[in-house]
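Just so you know, these numbers use all the heavy atoms, side chains as well, and skip hydrogens, waters and symmetry mates. Lettering of chains follows the sequences in order, A, B, ..., and the numbering in each one begins at 1.
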Protein chains: 2
Amino acid sequence: MLRASLSAQRYDVRTVNDPEEAVRVFEDWNPDLVITDLMMPGMSGVEICRAIRRQASIPILVLSVRDQEHTKVEALDAGADDYVTKPFSIQELLARVRAHLRRAPERVGDSAIQVGDFLVDPAAHSVAVAGRPVHLTPKEFDLLLLFARNAGKVLTHRVLLTAVWGAQSAQQPEYLRVFIGQLRKKLQGDAHKEYIQTEPWVGYRFLPEGAAA
Amino acid sequence: MLRASLSAQRYDVRTVNDPEEAVRVFEDWNPDLVITDLMMPGMSGVEICRAIRRQASIPILVLSVRDQEHTKVEALDAGADDYVTKPFSIQELLARVRAHLRRAPERVGDSAIQVGDFLVDPAAHSVAVAGRPVHLTPKEFDLLLLFARNAGKVLTHRVLLTAVWGAQSAQQPEYLRVFIGQLRKKLQGDAHKEYIQTEPWVGYRFLPEGAAA
DNA sequence: GCGATTCGTAAAGATTCTGTTGCGATACGC
DNA sequence: GCGTATCGCAACAGAATCTTTACGAATCGC
């Protein structure tokens, strides 16, 4: 029924019945949005959220009969963007889908980013600076990815912290100081370039071209 | 109660009671997320969504006692990103807030302003005068941004002070004197132009084209 | 003209932020 | 089970910014 309604709105829809098929279709097809049930044979919806989040940043909409608080919180914190309790109105669901897709064009895809001296590949979790491969830990990588996607702009402490460490850590700028330091050290290499500028009281700015140190 | 819960999570919260105050606080303060009731005296939540969408792309979360399908659809299509029906669980609301803020860095929206000799870019926190980049501290930048957005108009002391230092500092014109002086010094460069004019007993006027000194 | 208020400028003091280091806890692979 | 890599967290010196004060010059009302 859901499928029919979505198709009627001229969305291109694929339905799957088990997690394995989901993974396969997901990788082959690169959807713009995922709607999943919390109860799936073999893998919970929460695990699905996490699995998708590792690969892509598309909106995830979770459906469930369960209306319990902690279930919702868990799913949302695992990366879901919305949680709709059954039974739900089709019109509402379509409106929510529209709302999430409205944001879609603003989202940078998960393809590799090349800016300035940098090549950042989210899929491979690899980074190269001026041709030289650099090994980054997951948190360092998240940080750099965010910078690469917003090259030239100042990212505030709060934005960086919420994106990498979660909203509850938004008041801990110590983390940032430490990881910015590590990133600078790893990125610098031989060239005496300064890739990450400090904007005191505000945040940091990433210059992929580098600035004379 | 909502305010207390959000503050407890160390969010910086402002509560308003009517649409006019909402607009004022919104413009002065530039929040990262808005939570609004659908029922407000004087302006419907739907209108609020539209009004905010015209200016910014931050997430809007609508609360309401109304659980009717067409109400939800209307709000979501008007620009709301989420619709939560009362009574709701605080934990769920907090989780939804986290989910929306997680997306925040992808929406660094404000576009640069170009007027006269000036290029002011809020996203990059950068300023250039006649092509020459100028470094400004945060307070200086806020001040210049306000001027750039109101080029040619006289901004009163009170307006400037409340915008940059907050309402409680509206009676401290010393701040202004000091910072206007610093701005003039930094902006002037070689060209002997006067960009900020004093309007005695009233305030200051910004002329992006510059006037002969 | 004269007093009162405001304005411009400089500098010192206080405050907050930043970069760095180090250590223990935890998770992971072998 | 063990070693390694990563993360969270605290402490510190140093830097950048903000606040406050002071004083001469300019402006206004009378």
Side-chain angles (χ1 to χ4, degrees), chain A residues 50 54 125-127 134-145 147 154-188 192 194-206 211 213, chain B residues 10 12 125-127 134-147 154-188 192-206 211 213:
Chain A
R50 274 194 254 274
R54 267 196 292 271
H125 247 256
S126 70
V127 177
V134 176
H135 170 78
L136 297 183
T137 71
K139 286 266 194 274
E140 289 167 4
F141 186 84
D142 290 349
L143 205 53
L144 181 64
L145 186 58
F147 274 129
V154 168
L155 296 175
T156 64
H157 302 134
R158 192 153 34 106
V159 164
L160 291 166
L161 284 164
T162 41
V164 178
W165 281 271
Q168 65 280 7
S169 303
Q171 309 284 72
Q172 257 102 340
E174 313 85 81
Y175 299 176
L176 257 188
R177 299 211 299 272
V178 173
F179 276 80
I180 292 282
Q182 288 172 353
L183 260 187
R184 278 174 172 154
K185 204 185 296 179
K186 288 192 179 181
L187 300 182
Q188 193 161 50
H192 294 291
E194 184 191 5
Y195 290 113
I196 301 177
Q197 288 185 335
T198 305
E199 200 68 24
W201 302 80
V202 185
Y204 295 89
R205 182 193 292 113
F206 177 62
Chain B
R10 321 192 112 260
D12 190 3
H125 247 261
S126 70
V127 178
V134 176
H135 173 80
L136 298 183
T137 70
K139 287 262 195 292
E140 290 165 4
F141 187 85
D142 291 349
L143 203 54
L144 181 64
L145 187 58
L146 202 61
F147 274 129
V154 172
L155 296 174
T156 65
H157 300 138
R158 197 180 51 81
V159 166
L160 292 166
L161 283 164
T162 38
V164 178
W165 281 269
Q168 71 280 6
S169 303
Q171 312 284 65
Q172 257 112 334
E174 313 85 81
Y175 295 174
L176 261 186
R177 297 212 302 273
V178 173
F179 275 80
I180 292 283
Q182 287 173 353
L183 260 187
R184 279 174 171 154
K185 200 188 296 178
K186 287 192 178 181
L187 299 183
Q188 194 161 51
H192 295 290
K193 285 188 179 179
E194 184 190 6
Y195 291 112
I196 301 176
Q197 289 183 335
T198 306
E199 199 66 25
W201 308 90
V202 184
Y204 295 89
R205 181 193 293 114
F206 177 62

Any chance you could measure B/Gln188, atom CD, to B/Ile196, atom CD1, to the nearest 0.5 Å?
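That separation rounds to 10.5 Å.
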
Measure the CD-CD1 distance between B/Glu140 and B/Ile180 for me, rounded to the nearest 0.5 Å.
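Answer for the CD-CD1 pair, B/Glu140 versus B/Ile180, is 10.5 Å.
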
Which nucleotide sits closest to the side chain of [X]: [options]?
| X | options | result |
| --- | --- | --- |
| B/Val178 | C/dG8, D/dT21, D/dA10 | D/dT21 |
| A/Pro200 | D/dT19, D/dT17, D/dC7 | D/dT17 |
| B/Thr137 | C/dG8, D/dT17, D/dT20 | D/dT17 |
| B/Thr198 | D/dC7, D/dT20, C/dC7 | C/dC7 |

Send over the distance from [X] [atom1] to [N] [atom2], rounded to a whole Å.
| X | N | atom1 | atom2 | answer |
| --- | --- | --- | --- | --- |
| A/Gln182 | D/dT6 | CD | C1' | 9 Å |
| B/Leu176 | D/dC18 | CG | C1' | 14 Å |
| A/Arg177 | D/dA13 | CZ | P | 14 Å |
| A/Lys139 | C/dT26 | NZ | P | 16 Å |
| A/His135 | D/dT4 | NE2 | P | 15 Å |
| B/Ile180 | C/dT6 | CD1 | C1' | 14 Å |
| A/Leu161 | D/dC7 | CG | P | 14 Å |
| B/Lys186 | D/dA16 | NZ | C1' | 10 Å |

Aromatic rings A/Tyr195 and A/Phe206: how do their planes relate, parallel, tilted or perpendicular, breaks at 30° and 60°?
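Rings of A/Tyr195 and A/Phe206: tilted, 30 to 60°.
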
So, OP1 or OP2 of [N]: does either fall under 4.0 Å of a side-chain N or O from [X]?
| X | N | value |
| --- | --- | --- |
| B/Tyr175 | D/dC18 | no |
| B/Lys185 | C/dA10 | yes |
| A/Tyr204 | C/dC17 | no |
| B/Trp201 | C/dC7 | no |
| B/His157 | C/dT6 | no |
| A/Trp165 | D/dC7 | no |
| B/Arg184 | C/dG8 | yes |

With sugar-phosphate meaning primed atoms plus P, OP1 and OP2, does [X] contact a base, only sugar-phosphate, or nothing at under 4.0 Å between heavy atoms?
| X | value |
| --- | --- |
| A/Pro173 | nothing |
| B/Phe141 | nothing |
| A/Phe179 | sugar-phosphate |

Could you tell me if the ring centre of B/Phe141 sits under 6.0 Å from that of A/Trp201?
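For B/Phe141 and A/Trp201, the ring centres are not under 6.0 Å apart.
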
Nearest-nucleotide comparison on DNA chain D, the residue closer to the 5′ end among A/Glu174 and A/Leu136:
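Upstream on the strand: A/Leu136.
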
Determine the minimum heavy-atom distance between A/Leu176 and A/His157, stating which atoms define it.
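So the minimum-distance heavy-atom pair works out to CD1-CA, 3.7 Å.
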
B/Arg158, CZ atom: more than 12 neighbouring heavy atoms under 6.0 Å
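Result for CZ/B/Arg158: open.
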
If you pin A/Glu199 and B/Gly203 to their nearest nucleotides in DNA chain C, which one's is more 5'?
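In this pair, the answer is B/Gly203.
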
